[in-house]
Amino acid sequence: MAIVMSVNAGSSSLKFQVYEMPEEKVLAKGLVERIGLNDGVFSITVDGQKYTTTCDIPDHEAAVRMLVDALLEHHVVNSLDDIKAVGHRIVHGGEFYSDSVEASTDAVEKVEECIPLAPLHNPAGLVGYKSFSKLLPDASQTFVFDTAFHQTMPAENFIYPIPYEYYEEDKIRRYGFHGTSHKYLTQRYAEITGKKPEDVQIITCHLGNGGSITAVKDGKSFKTSMGLTPLAGIEMGTRSGDIDPAIPGVLMQRHNLTAQEVDNILNKKSGLLGVSGVSSDSRDIENAAKEGNERAKLASKIFDDRVIETVGGYYALMGGADAILFAGGIGENSITTREAIIDGLAALGVKLDHEANNCRGKEVKISADDSSMDVYVIPTDEEVMIARDAYKNLAAE
Ligand code: ADP
């Protein structure tokens with residue numbers, strides 16, 4: 001038995017979950033927000049009880065210090081030595097990593113090398129790691145990459161049709177993200193159905209604020225909708241997803257914008273928010289659409305259709321699939337979105353059981369008995385995947 005932490009550090013936030021492994025029992029979880037800004041917020045939940053503190057939290061190291069103090073205060077651990085391993089979510093592992101890795105000096109250098117591919121995310125992950133390794137010098141530390149699961153994609157699915165030297169020299173290619181979630185869904189589907197992982201042919205739809213869809217062939221990522229960056233693919237809360245690649249140039253010229261300003265528009269002001277003008281949150285969009293807001297209806301229709309065309313395209317590309325899986329905030333909770341997507345895929349013979357679909361946040365099969373493919377809602381769990389890999393590395397030490 002060992003206490004293992006799963007950590008997801010952002011530029012001004014840090015999410016954590018504390019597990020007893022290998023039982024995978026959650027002992028505590030929480031979130032530090034507004035790190036480096038005024039009025040930082042620290043919250044921790046232990047035994048169903050949530051405790052929140054508001055104070056200035058100058059940096060990630062201070063955040064980690066608050067967090068370990070809280071674990072001691074709430075008797076989650078008796079001493080810091082009880083925390084045997086920490087797993088860190090790292091967004092980009094480039095072509096270096098197809099699996100999690102012990103956070104060695106070499107691994108830190110490689111994550112640093114990938115910073116140009118994830119300029120906001122990788123530095124945050126490293127700052128989180130460095131803060132933990134300072135305060136828990138004896139704990140085993142593991143990097144778990146969002147990109148790792150997708151390293152199995154064949155070249156035709158990751159090379160962009162642009163001059164090949166940009167791949168060779170600049171490593172411009174499709175990487176894909178949310179890999180930890182797509183991998184969890186793949187494993188969970190294999191468990192539910194009793195299939196061997198190598199026999200799993202599914203399409204996994206992780207639909208949250210950010211969304212991506214993956215074709216899983218023979219249990220491996222075959223193609224995924226995000227690309228060089230998480231901006232690609234389906235329409236998202238504030239991200240455009242795929243658009244005509246000429247649009248950024250046109251916007252730059254017409255409005256005298258810099259590349260960075262266009263990047264900001266496509267990442268932060270587009271998607272559901274940009275089209276609807278209402279909100280990036282799919283619940284607000286659903287409500288506005290119900291009240292007759294035409295642009296909210298349009299944003300929602302674009303979202304559903306992008307998912308439909310991606311799933312349909314992957315179905316053809318992988319030569320059929322046994323199941324479609326829904327996860328993420330929208331995938332797990334939006335009854336109407338799932339209905340619109342599955343109804344839109346009727347040409348593939350897939351059919352919804354409307355009664356079963358009337359659920360939120362639960363693991364359930366929602367396809368009708370005569371559906372050509374099974375459809376499941378599977379609440380994703382990236383945190384437990386990170387804890388599992390951290391525990392695996394600890395056991396291997
Ligand atoms: P992130 O990508 O930030 O992790 P989440 O997976 O939490 O995002 O998903 C956030 C999205 O899930 C939001 O668009 C939100 O509206 C949607 N969502 C959450 N709960 C519900 C619900 N009950 N009904 C419909 N949508 C929901």
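In this chain, residues are counted from 1 in sequence order. Just so you know, these numbers come straight off a predicted model, no measurement behind them. Atoms within each ligand, like the ligands themselves, are counted from 1 in listed order.
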With rounding to the nearest 0.5 angstrom, report the CZ to CD1 distance, R283 to I330.
9.5 Å
Do [Y] and [X] meet the salt-bridge criterion of a basic N to acidic O distance under 4.0 Å?
X: D381; Y: R188; result: no
X: D69; Y: R65; result: no
X: E294; Y: K297; result: yes
X: D39; Y: R34; result: no
X: E156; Y: K223; result: no

Nitrogen or oxygen of G328 less than 3.5 angstrom from that of ligand 1
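So ligand 1 has no N or O lying under 3.5 Å from an N or O of G328.
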Closest protein heavy atom (residue, atom, distance) for [atom]:
atom: atom 26 (N) of ligand 1; result: S282 OG, 3.2 Å
atom: atom 25 (C) of ligand 1; result: R283 CG, 3.5 Å
atom: atom 22 (C) of ligand 1; result: N333 CB, 3.2 Å
atom: atom 18 (N) of ligand 1; result: G329 O, 3.5 Å
atom: atom 15 (C) of ligand 1; result: D281 OD1, 3.5 Å
atom: atom 11 (C) of ligand 1; result: I330 CG1, 3.8 Å
atom: atom 24 (N) of ligand 1; result: R360 NH1, 3.4 Å

Please identify which atoms of ligand 1 are closer than 4.0 Å to at least one heavy atom of G208.
2 (O), 5 (P), 6 (O), 8 (O), 9 (O)
Run the salt bridge (Lys or Arg N to Asp or Glu O under 4.0 Å) test on E95 and R173 for me, step by step, so that the C-alpha distance in whole Å, both residues' side-chain angles and the decisive distance to 0.1 Å come before the verdict.
CA-CA 10 Å; E95 289 188 325; R173 53 160 282 178; 2.8 Å; yes
Strictly inside 4.0 angstrom of atom 4 (O) of ligand 1, do you find any protein heavy atom?
no
Closest candidate by heavy atom, reference atom 1 (P) of ligand 1, pool T337, L272, N209:
N209
Would you say G237 contacts ligand 1, with heavy atoms under 4.0 Å as the rule?
no
Verify, without hydrogens or angle tests, whether R89 (side chain) and D146 (backbone) share a donor-acceptor contact under 3.5 angstrom.
no
